[in-house]
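Read the numbers this way: they start at 1 and go in the same order the structure lists the ligands and their atoms.
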Amino acid sequence: MKILFVCLGNICRSPAAEEIMRQTLKGAGLEREVEVDSAGTYGGHRGELPDARMRAAAARRGYRLTHRSRQLCEEDFTRFDRIVVMDDMNYETVHRMAPSRALADKIERMRDRLSPSKFPDRTYIPDPYYEGAEGFELVLDMLEDACVNLLEDIGR
Ligand code: 4NP
């Protein structure tokens with residue numbers, strides 16, 4: 001099983017989701033069964049480490065973010081089993097890039113994995129890039145919650 005997380009820049013949300021998912025899998029002893037990666041629909045940050053604010057916020061929770069930003073490519077649609085996007089704009093962009101309808105069926109929204117009891121009004125994972133520090137903490141809270149539920153869904 002291979003999971004790809006996708007956001008816009010691949011320097012805030014999706015690289016954090018990737019590492020949180022990796023640690024969540026590790027906690028369940030499943031890190032060898034499930035491979036995770038991340039990519040962005042926008043390639044302007046390619047080669048960069050995640051945003052310093054996200055790296056600092058993630059490090060405080062024990063996640064070391066070392067991913068290098070890359071842009072989503074057509075091959076990702078065959079290489080990965082599940083493509084998990086952070087917001088509706090990502091969804092539209094990734095959907096348009098899908099080489100076929102069958103491959104587009106691999107696209108899903110991270111918000112569908114949020115626990116309704118914890119995040120009742122959230123319809124997407126907000127982009128923290130233009131926000132203050134609280135934005136990063138909120139995104140990490142949401143991703144930690146969604147990754148646990150994603151793991152549960154995989155197990156089903
Ligand atoms: P991300 O955040 O999609 O969570 O990585 C962003 C990072 C960079 C930009 C936008 C969003 N940008 O426009 O450069």
Side-chain angles (χ1 to χ4, degrees), residues 2-26 34-77 79-99 103-116 118-151 153-154:
K2 293 187 173 71
I3 305 173
L4 182 68
F5 294 99
V6 176
C7 62
L8 177 60
N10 191 214
I11 54 169
C12 293
R13 294 166 292 176
S14 63
E18 175 195 336
E19 188 55 27
I20 290 169
M21 191 64 196
R22 193 171 285 123
Q23 295 306 323
T24 306
L25 287 161
K26 213 167 181 176
V34 185
E35 194 181 302
V36 289
D37 191 12
S38 64
T41 58
Y42 166 66
H45 292 279
R46 70 167 61 81
E48 292 177 21
L49 280 171
D51 184 282
R53 297 164 296 173
M54 181 54 99
R55 273 188 285 143
R60 285 195 290 276
R61 299 185 188 209
Y63 307 111
R64 204 168 144 255
L65 307 188
T66 58
H67 176 81
R68 293 283 175 170
S69 176
R70 72 173 182 88
Q71 191 167 18
L72 181 72
C73 63
E74 212 174 288
E75 193 192 9
D76 288 324
F77 288 91
R79 202 175 133 219
F80 291 90
D81 303 292
R82 298 173 76 141
I83 299 173
V84 186
V85 303
M86 298 297 145
D87 62 32
D88 286 345
M89 190 175 81
N90 306 150
Y91 188 89
E92 296 302 326
T93 312
V94 178
H95 214 272
R96 271 200 307 276
M97 268 184 74
L103 293 174
D105 283 344
K106 294 182 177 186
I107 309 165
E108 60 186 287
R109 292 173 170 88
M110 192 67 157
R111 73 112 192 274
D112 288 341
R113 304 292 155 211
L114 291 171
S115 304
K118 292 184 189 158
F119 300 100
D121 304 319
R122 295 286 171 177
T123 56
Y124 59 94
I125 312 297
D127 185 347
Y129 192 63
Y130 299 104
E131 307 238 340
E134 333 76 63
F136 289 87
E137 297 301 331
L138 171 65
V139 166
L140 290 171
D141 288 343
M142 294 174 92
L143 294 177
E144 285 180 335
D145 175 58
C147 281
V148 169
N149 295 331
L150 182 58
L151 176 59
D153 187 69
I154 290 166

Residues around ligand 1, heavy atom under 4.0 Å from any ligand atom, sorted by chain and number. Can you pull those?
Cys7, Leu8, Gly9, Asn10, Ile11, Cys12, Arg13, Tyr42, His45, Asp127, Tyr129, Tyr130
Short question: side chain of Arg122, backbone of Leu114 - any donor-acceptor pair under 3.5 Å?
no
Looking at Asn90, is its backbone amide N or carbonyl O close enough to the side chain of Asp87 to form a donor-acceptor pair, meaning the two atoms are under 3.5 Å apart?
yes
Lys26 and Glu19 ion-paired at < 4.0 Å:
no
Under 4.0 Å between a side-chain nitrogen and a carboxylate oxygen: does that hold for Asp153 and Arg82?
yes
How about Asn10 and Gln71: do any of their side-chain heavy atoms sit closer than 4.5 Å?
no
Go through the side-chain N and O atoms of Asp51 and His45 and say whether any donor and acceptor fall under 3.5 Å apart.
no
